[in-house]
Engineer: 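Could you have a look at this structure, given as structure tokens, before my questions?
In what follows, chains carry the letters A, B, and so on, assigned in the order in which the sequence lines appear, proteins first and then strands, with residues in each chain numbered from 1. These numbers come from a predicted model, not from an experiment.
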2 protein chains.
Amino acid sequence: MNILMIAIKQTHLFGTIFFLEQRNLPYFCFYTNWYIFVRGMKKSERTKQFIIAQTAAIFNKKGFAGTSMADITGATGLTKGAIYGNFANKDAVALAAFAFNYGQIRKTVHTGLQQAKNTREKLMAYVSFYKEYYPTIFEWGGCPILNAASDSDDAHPALFEKASSALESWRNNLISIIEEGLDNGQVKPDVEPEAFADVFISLVEGGILIAKTLGTEKPLLSNLEQLKTQIEQIVI
Amino acid sequence: MNILMIAIKQTHLFGTIFFLEQRNLPYFCFYTNWYIFVRGMKKSERTKQFIIAQTAAIFNKKGFAGTSMADITGATGLTKGAIYGNFANKDAVALAAFAFNYGQIRKTVHTGLQQAKNTREKLMAYVSFYKEYYPTIFEWGGCPILNAASDSDDAHPALFEKASSALESWRNNLISIIEEGLDNGQVKPDVEPEAFADVFISLVEGGILIAKTLGTEKPLLSNLEQLKTQIEQIVI
DNA sequence: TCATGAATATACCAATTGGTATAAACATAT
DNA sequence: ATATGTTTATACCAATTGGTATATTCATGA
């Protein structure tokens with residue numbers, strides 16, 4: 001099985017729930033099978049989620065071509081029959097894994113954004129997210145968007161398309177925040193939303209890349225400080 | 001052979017020289033064999049260079065795991081016997097290909113740097129390089145450092161080490177330029193060399209990533225303009 | 001021109017690749 | 001408790017993987 005647990009909980013419904021080290025997802029052991037603890041879910045759907053959760057980091061680290069079906073069966077403890085019973089092919093697993101990786105980040109950022117009241121706080125919410133979660137991102141193999149984009153640009157059009165839309169939606173979100181700020185008078189009128197969004201994304205992605213490649217967190221942290229300064233410079 | 005030519009030259013020494021479309025490297029056809037036009041080179045060394053030149057872009061685009069021996073023989077028109085006669089294994093070809101890709105960029109940047117007289121011109125030389133050569137870099141599959149780093153971080157330690165040193169040497173070069181400027185009074189005294197170098201690299205790499213992923217050059221060009229502004233802000 | 005070492009092609013290898021047909025095991029509603 | 005559809009394991013497939021031994025071809029100095 002090869003699963004590392006960090007917590008065990010008792011429930012009256014399903015007995016013991018094992019929390020996995022990675023991502024803190026609730027799994028439980030029922031008879032001899034592992035499930036993700038979501039009631040009302042079909043078994044196949046739970047197995048699907050299990051496969052995705054167990055392989056998401058592998059795809060993020062090794063890339064599509066570098067991840068084999070043997071990696072997938074090894075990480076899940078399932079056989080090829082189970083994998084192909086739930087996914088059409090390796091392609092489908094990879095796409096689902098990317099969606100999972102991206103979704104985890106998106107969800108957490110979104111939560112942080114909802115508490116933000118103005119432009120400054122919204123932009124700062126991103127910075128705070130990366131300040132808090134960069135160790136997890138590093139463990140997970142780096143930014144899924146960067147990885148998927150540079151992994152698939154030539155070889156895997158479907159995955160590249162997913163990565164491209166993910167990046168676009170992040171960029172559009174930043175642009176919207178700044179445009180809204182321009183309308184509300186919370187952002188200095190000479191700021192160009194697109195250019196700022198590109199600098200914003202570059203400082204984050206570049207910081208992750210340099211930090212991961214040189215094996216030190218400092219470049220990312222210093223980039224995030226720079227980003228804070230730049231945010232303060234454009235808001236009123 | 002699958003080689004696209006853009007120019008043909010006559011020489012009295014070796015007959016016809018065919019300039020390849022990619023990288024403008026001089027190859028020539030002698031009898032039935034192709035060579036890189038470097039006199040005094042052993043045949044094996046020329047074949048080695050030929051293999052490297054023909055596969056460099058493929059490795060940059062497809063990554064190590066995504067590039068097969070069949071890709072290599074297909075791109076060169078040589079058989080596996082020839083490849084393994086000149087390289088120990090696929091690993092060795094990949095490492096040489098990365099060194100080639102990185103070397104091409106390094107060489108061109110270095111040429112631009114030699115004409116620069118002060119800190120501003122030195123930093124601007126980098127910007128000019130990317131402004132001039134970004135179409136070539138895109139055709140070539142993006143920045144080799146970013147590609148190699150994100151491709152090999154988990155799967156291929158030897159290649160990752162190469163990518164890591166390449167990034168480090170780029171970063172150190174930027175830091176040296178700024179430190180020199182601080183000593184000469186050409187840079188404002190409150191500038192932190194490392195932090196500036198990280199922002200510098202991030203704007204370039206991030207710009208390439210966004211541009212390539214979204215399929216438009218604008219983000220890179222706008223980042224380079226931002227970089228120019230930031231350079232002007234730190235020099236005296 | 002020819003002998004000799006260097007370079008390349010050919011034919012092969014075991015292992016692994018992604019994928020499938022089918023049989024077994026399973027969960028669950030009745 | 002059992003019947004039934006769902007899910008998973010087993011056993012297999014052709015194709016491809018990286019790599020090698022050996023035969024052939026080639027380049028070149030004498």
Engineer: Between D:dG18 atom P and B:Phe87 atom CZ, what is the distance in whole Å?
Structural biologist: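 Going from B:Phe87 (CZ) to D:dG18 (P), I get 15 Å.
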Engineer: If I take atom CD in residue B:Gln49 and atom C1' in nucleotide C:dA7, what distance separates them, rounded to the nearest angstrom?
Structural biologist: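 Distance check: B:Gln49 CD to C:dA7 C1' gives 16 Å.
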Engineer: Quick check for you: among C:dT17, C:dT8, C:dT20, whose closest atom lies nearest to any side-chain atom of B:Asn86?
Structural biologist: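 Ranking C:dT17, C:dT8, C:dT20 by closest atom to the B:Asn86 side chain puts C:dT8 first.
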Engineer: Between B:Lys61 and A:Asp153 (salt bridge meaning N to carboxylate O under 4.0 Å), is one present in this structure?
Structural biologist: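 No, this pair does not count.
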Engineer: Within the structure, does a side-chain N or O atom of A:Thr47 lie under 4.0 Å from either OP1 or OP2 of D:dT8?
Structural biologist: yes
Engineer: Base, sugar-phosphate, or nothing: which does A:Thr67 touch, judged by heavy atoms less than 4.0 Å apart?
Structural biologist: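 The residue A:Thr67 makes sugar-phosphate contact but no base contact.
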Engineer: Nearest whole Å is fine: how far is D:dT17 P from B:Ile83 CD1?
Structural biologist: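 Rounded to the whole Å, the gap is 14 Å.
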Engineer: Any idea which of C:dA9, C:dG18, C:dG19 is nearest the A:Asn89 side chain?
Structural biologist: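 My answer, after comparing the listed nucleotides, is C:dG19.
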Engineer: Nearest of C:dT8, C:dG18, C:dT17 to any side-chain atom of A:Lys90?
Structural biologist: C:dG18
Engineer: Round to a whole Å and report the spacing from NZ of A:Lys48 to P of D:dT6.
Structural biologist: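 About 14 Å, once rounded to whole Å.
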Engineer: For A:Leu78 and D:dT10, what is the distance between atoms CG and P respectively, to the nearest whole Å?
Structural biologist: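 So the two atoms are 12 Å apart, to the nearest Å.
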Engineer: Tell me yes or no: between the side chains of B:Tyr133 and B:Ser128, is some donor less than 3.5 Å from an acceptor?
Structural biologist: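 Checked: B:Tyr133/B:Ser128 side chains show no N/O donor-acceptor pair below 3.5 Å.
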Engineer: Looking at the side chain of A:Ala82, which of C:dA9, D:dA9, D:dT17 is the nearest nucleotide?
Structural biologist: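 Between C:dA9, D:dA9, D:dT17, the one nearest the side chain of A:Ala82 would be D:dA9.
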Engineer: Taking the side chain of A:Tyr84 as its heavy atoms from C-beta onward, which of C:dG19, D:dA9, C:dA9 lies nearest to it?
Structural biologist: C:dG19
Engineer: Under 3.5 Å, is there a donor-acceptor pair linking the side chains of B:Tyr126 and B:Asn173?
Structural biologist: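 On atom types as modelled, these side chains qualify, holding a pair under 3.5 Å.
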Engineer: Does B:Ser68 have a side-chain nitrogen or oxygen under 4.0 Å from the phosphate oxygens OP1 or OP2 of D:dT17?
Structural biologist: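 True: B:Ser68 side-chain N/O within range (under 4.0 Å) of D:dT17 OP1/OP2.
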Engineer: Let me know the distance between NZ of A:Lys62 and C1' of C:dT17, rounded to the nearest Å.
Structural biologist: 14 Å
Engineer: Nearest heavy atom decides the nucleotide; on that basis, is A:Gly81 or A:Asp71 closer to the 5' end of DNA chain C?
Structural biologist: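 Going by which nucleotide is closer to the 5' end, it is A:Asp71.
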Engineer: Check whether the side chains of A:Asn60 and A:Asn147 place a donor and an acceptor atom closer than 3.5 Å, and report yes or no.
Structural biologist: yes
Engineer: From CD1 of A:Ile72 over to C1' of C:dT16, roughly how many Å is that when rounded to an integer?
Structural biologist: 14 Å
Engineer: Let me know the distance between CE of A:Met69 and P of D:dT16, rounded to the nearest Å.
Structural biologist: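 Atom-to-atom, A:Met69 to D:dT16, this comes out as 18 Å.
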Engineer: Of the nucleotides C:dG19, D:dG18, C:dA9, which one has an atom closest to the side chain of B:Lys80?
Structural biologist: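 Closest nucleotide to the B:Lys80 side chain: D:dG18.
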Engineer: So, B:Lys162 side chain and B:Ala148 main chain: donor-acceptor pair closer than 3.5 Å or not?
Structural biologist: no
